[in-house]
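Accompanying notes for the structure given below.
These numbers come from a predicted model, not from an experiment. Along the sequence shown, residues carry numbers from 1.
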Amino acid sequence: MEAEFDTVAEWTAKVAADLGPDHHIPAGCRGSGSPAALDWLIDRTELAAGLRLLDCGAGVGGPAAYAAQAVSASPVLVEPEAGACRAAATLFGHPVLRAQAAALPLADDSFDVAWCLGVLCTTPDQLPLLQELHRVVRAGGRVGLLVFVAHRDIPREEFEGNHFPTPEHLRHLVDTADLVVEQQLSTADLPAIPDGWNERVDAVEEALADRYGHKRAWQMAEAQSGKIADLLADGGLTGELLVLRHA
């Protein structure tokens with residue numbers, strides 16, 4: 001987790017800054033959202049101009065920046081890793097707080113919408129995370145999730161730092177947090193990613209590999225990403241988009 005979300009996050013910001021502004025959002029969304037996924041979340045969470053968006057576990061900040069650009073939402077980012085916080089501030093300039101998702105330093109009912117993308121499966125504190133999102137989003141607001149869900153036993157020792165919920169456990173977590181699934185979609189059912197977006201992501205990946213491929217942190221992050229990609233390909237994992245509201 002530290003390799004991917006601290007060290008590699010800062011490297012990503014450096015590479016994206018050198019490649020230019022058109023690469024910033026695709027670089028910041030690596031692993032946490034495609035344009036189709038983010039458009040679906042924007043539409044289903046009813047995110048609009050001026051609404052306050054919390055991006056919880058924001059990483060480099062690409063999804064929040066996408067929302068700000070697409071509909072003029074007002075994002076605040078929360079991220080536990082210092083490197084990712086610095087990267088998000090460098091690339092996008094939106095407010096960033098360094099904090100754990102399970103203990104948000106934010107007031108009750110202070111956001112209209114919250115996103116938590118690819119984060120639930122990286123923490124053992126899954127119920128406290130959802131309870132915190134319930135607390136900080138006003139009644140009538142929405143919570144958008146991207147969750148990697150396990151459909152068979154996945155040895156935890158092979159995926160250090162990951163805690164993939166089963167479909168049943170995910171539904172139990174949502175219910176216990178006093179939330180309701182309003183809409184759900186598998187990422188496999190989303191439209192294809194535009195070629196231009198993929199080209200920018202590929203350019204970022206190639207530059208990262210050229211500069212940092214010899215570094216242990218890059219190798220660890222790539223190995224983990226490769227394992228997860230294999231599980232997604234064979235159906236052991238699925239990516240699920242969910243929109244939640246207060247029960």
Side-chain angles (χ1 to χ4, degrees), residues 3-44 47 53 55 57-73 75 77 79 81 83-84 86-94 96 115 117-119 144 146-148 185-215 217-234 237-241:
E4 183 171 358
F5 298 111
D6 190 0
T7 306
V8 175
E10 283 206 276
W11 293 344
T12 299
K14 291 177 182 177
V15 163
D18 290 344
L19 289 171
D22 286 351
H23 292 76
H24 291 187
I25 291 178
C29 289
R30 290 171 61 247
S32 59
S34 68
L38 299 176
D39 288 340
W40 188 89
L41 286 168
I42 288 169
D43 181 56
R44 274 37 176 213
L47 190 60
L53 168 66
D55 193 343
V60 180
Y66 186 97
Q69 184 179 88
V71 295
S72 299
L77 285 60
E79 166 59 41
E81 297 292 347
R86 289 190 291 267
T90 296
L91 289 180
F92 305 116
H94 298 300
V96 183
W115 286 358
L117 308 182
V119 176
L146 168 61
V147 185
F148 295 105
L185 180 73
S186 172
T187 57
D189 295 327
L190 289 167
I193 298 172
D195 290 341
W197 181 279
N198 279 331
E199 288 166 5
R200 292 181 179 92
V201 171
D202 289 346
V204 172
E205 294 278 356
E206 289 169 10
L208 283 166
D210 287 344
R211 293 188 196 182
Y212 306 109
H214 62 290
K215 298 283 191 179
W218 172 254
Q219 294 166 3
M220 291 172 64
E222 283 295 282
Q224 185 86 328
S225 295
K227 290 179 183 178
I228 292 174
D230 289 343
L231 285 171
L232 289 167
D234 69 17
L237 286 180
T238 59
E240 302 292 332
L241 293 166

Looking at side-chain heavy atoms only, is the closest gap between F92 and P75 below 4.5 Å? no
Just how far is it from atom CD of E240 to atom CG of D189, taken to the nearest 0.5 Å? 8.5 Å
Closest approach of L53 to A64 (non-hydrogen atoms, all atoms of both residues): CD2-CA, 4.4 Å
Would a 4.5 Å heavy-atom cut-off, applied to side chains only, mark V204 and R200 as touching? no
Is there a donor-acceptor pair under 3.5 Å between the side chain of E79 and the backbone N or O of G59? yes
Any idea which heavy atoms bring G57 and V119 closest together, and the distance? O-CG2, 3.4 Å
Are more than 12 heavy atoms from other residues, nucleotides or ligands located less than 6.0 Å from atom NZ of K215? no
Can you list the steps and then say if L117 with L41 is a side chain to side chain contact (heavy atoms under 4.5 Å, CB included)? CA-CA 10 Å; L117 308 182; L41 286 168; 3.7 Å; yes
Heavy-atom pair of closest approach, residues D55 and P63: OD2-CB, 3.8 Å
If we ignore hydrogens and angles and just use 3.5 Å, is the side chain of Q219 paired with the main-chain N or O of G213 as donor and acceptor? yes
Is there side-chain contact between L241 and L190, with at least one heavy-atom pair below 4.5 Å? yes
Which heavy atom in C29 sits nearest to a heavy atom in W197, and how many Å separate them? CB-CZ2, 3.7 Å
Approximate separation, where rounding is to 0.5 Å, of H23 NE2 and L91 CG: 12.5 Å
Taking all heavy atoms of G239 and all of F148, pick out the closest pair and write down the distance. CA-CD2, 4.0 Å
Taking the side chain as every heavy atom from C-beta outward, state whether R30 and L208 have any atom pair closer than 4.5 Å. yes
Kindly compute the distance separating CG (L47) from CG (D39), expressed to the nearest 0.5 Å. 11.0 Å
Which class fits the ring pair W11 and Y212: parallel under 30°, tilted 30 to 60°, perpendicular over 60°? parallel
Measuring only between side-chain heavy atoms, which start at C-beta, is L146 closer than 4.5 Å to T187? yes
Start with the C-alpha gap between T7 and M220, add the side-chain angles, then the distance that decides, and say whether side chain to side chain contact (heavy atoms under 4.5 Å, CB included) holds. CA-CA 11 Å; T7 306; M220 291 172 64; over 6 Å; no
Mind running side chain to side chain contact (heavy atoms under 4.5 Å, CB included) on V201 and E205 for me, showing each step along the way? CA-CA 6 Å; V201 171; E205 294 278 356; 4.2 Å; yes
Please round to the nearest 0.5 Å and tell me the distance separating atom OG1 of T12 and atom CH2 of W218. 7.0 Å
S32 OG to L38 CG distance, which is reported to the nearest 0.5 Å: 7.5 Å
Least distance between heavy atoms, L77 atom then A88 atom: CD2-CB, 3.8 Å
If I take atom OG from residue S34 and atom OH from residue Y66, how far apart are they, to the nearest 0.5 angstrom? 8.0 Å
